[in-house]
Amino acid sequence: MEPLYKLTNKYTYEEYKKFNSAVIMRKKTLVITIIAVLMILIGGILLESLFLILFAIIYPILFVLFMNIGVKRVYNSNKILKDLDVNFEFYDDCFIVKHEAGEAKIPYDKLNEIIET
């Protein structure tokens, strides 16, 4: 049977970083973090606490910095993913993932979502 759609992707560091950013942006934890930072900022302004105001300003910068460090560490520690060419074939009832390490056939009803970066 011929696939409906084919896609080839190379897992580079930049692609892995984009994927992780897409996953984090979709999580409720990001929304909760933003609300918490805004509450800390408002509390800092109301209490006239320079520490809380600075914390609310610096925290998002540190969050992104540490996220990037963690992504780089995970990517560099996983030798299989580095520059791996992956082929995706989409059929009516499933999709097949093929790469050097093997192959997987995944029915659509077993998926939660597919994220395109």
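Throughout, residue positions are numbered sequentially from 1 according to the sequence presented.
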In terms of relative ring orientation, are Tyr108 and Phe90 parallel, tilted or perpendicular, with 30° and 60° separating the classes?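 Answer is parallel, since the angle falls under 30°.
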Which class fits the ring pair Phe51 and Phe55: parallel under 30°, tilted 30 to 60°, perpendicular over 60°?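 Plane angle under 30°, so parallel.
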If you group Ile, Leu, Val, Met, Phe, Trp and Tyr by side-chain heavy-atom gaps below 4.5 Å, do [X] and [Y] land in one group?
X	Y	result
Phe88	Leu111	yes
Ile58	Phe66	yes
Phe95	Tyr5	yes
Ile57	Ile42	no
Leu84	Leu7	yes

Please round to the nearest 0.5 Å and tell me the distance separating atom NZ of Lys18 and atom OG1 of Thr12.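 That separation rounds to 7.5 Å.
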Spacing of Asn112 atom CG and Lys110 atom NZ [to the nearest 0.5 Å]: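 With rounding to 0.5 Å, CG (Asn112) is 11.5 Å from NZ (Lys110).
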Run the salt-bridge test on Lys98 and Glu89 with the 4.0 Å N-O cut-off and return the result as yes or no. yes
Minimum-distance pair of heavy atoms, taken over all atoms of [X] and [Y]:
X	Y	answer
Cys94	Pro107	CB-CA, 3.7 Å
Ile106	Val97	CD1-CG2, 4.5 Å
Ile40	Ala56	CG2-CB, 4.1 Å
Tyr59	Val37	CD2-CG2, 3.6 Å

Determine whether more than 12 heavy atoms belonging to other residues, nucleotides or ligands lie under 6.0 Å from atom [atom1] of [X].
X	atom1	result
Met67	CE	yes
Lys105	NZ	no
Glu103	CD	yes
Lys10	NZ	yes

Heavy-atom check, side chain of Val86 versus side chain of Thr8, under 4.5 Å: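 No, their side chains stay 4.5 Å or more apart.
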For the residue pair Asn78 and Tyr16, establish whether any side-chain heavy-atom pair is separated by less than 4.5 Å. no
For Lys72, the option from Asn76, Val74, Ile69 that meets side-chain contact (heavy atoms from CB on, under 4.5 Å): Asn76
side-chain contact (heavy atoms from CB on, under 4.5 Å) for Leu41 and Leu52? Distances and angles first, verdict last. CA-CA 6 Å; Leu41 183 61; Leu52 289 178; over 6 Å; no
Given Asn87 and Lys6, is the side-chain contact (heavy atoms from CB on, under 4.5 Å) satisfied, shown in steps? CA-CA 7 Å; Asn87 297 311; Lys6 285 185 178 183; over 6 Å; no
